[in-house]
Amino acid sequence: MEKKPVEWITTAGVDGLLQPIEKRSDFFLSDEDFRALAEWYLAFSEKRELLGNTNHLLYICRKQK
């Protein structure tokens, strides 16, 4: 990425903390709980110390002019 004409904005983990539980048959969230989980997940997805818990990283960049 260093050689690409982009400005790095952030790196986020996109699946690690949720992946082990999302396929469980007893995993269910109401709409209200889903909103709360989404807010929590977004708040923690960029924490560098948690990026090792994910299988995929998302590099968010802005194309330079």
Side-chain angles (χ1 to χ4, degrees):
M1 295 298 291
E2 293 174 358
K3 296 178 182 178
K4 302 292 182 188
V6 296
E7 171 192 359
W8 173 81
I9 297 172
T10 193
T11 302
V14 295
D15 61 359
L17 299 174
L18 186 59
Q19 193 173 29
I21 61 171
E22 69 180 345
K23 294 183 181 173
R24 290 179 49 133
S25 61
D26 61 344
F27 179 67
F28 171 79
L29 292 174
S30 66
D31 289 344
E32 181 180 338
D33 288 341
F34 178 81
R35 283 189 289 280
L37 176 65
E39 288 178 25
W40 174 85
Y41 203 82
L42 290 173
F44 283 88
S45 66
E46 296 180 47
K47 296 206 176 283
R48 294 208 54 83
E49 62 270 21
L50 297 176
L51 292 179
N53 292 323
T54 188
N55 293 322
H56 300 93
L57 293 176
L58 178 62
Y59 293 94
I60 301 173
C61 301
R62 180 177 293 121
K63 186 176 180 180
Q64 294 177 337
K65 296 178 182 182

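Counting begins at 1 with the first residue of the sequence.
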Rounded to the nearest 0.5 Å, how far does [atom2] of [Y] lie from [atom1] of [X]?
X	Y	atom1	atom2	answer
T11	I60	OG1	CD1	8.0 Å
T10	R48	OG1	CZ	8.5 Å
F34	D31	CZ	CG	9.0 Å

Would [X] end up clustered with [Y] when hydrophobic side chains under 4.5 Å apart are linked, directly or stepwise?
X	Y	value
W8	L57	yes
F28	I21	no
F44	L29	yes
Y59	L51	yes

Shortest non-hydrogen contact from V6 toward C61: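 In terms of heavy atoms, the two residues are closest at CB-CB, 3.8 Å.
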Return the minimal non-hydrogen interatomic distance between E7 and Q64, and the atom names on each side.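 For E7 and Q64, the tightest heavy-atom pair comes out as N-CG, 3.8 Å.
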F27, CZ atom: more than 12 neighbouring heavy atoms under 6.0 Å: yes
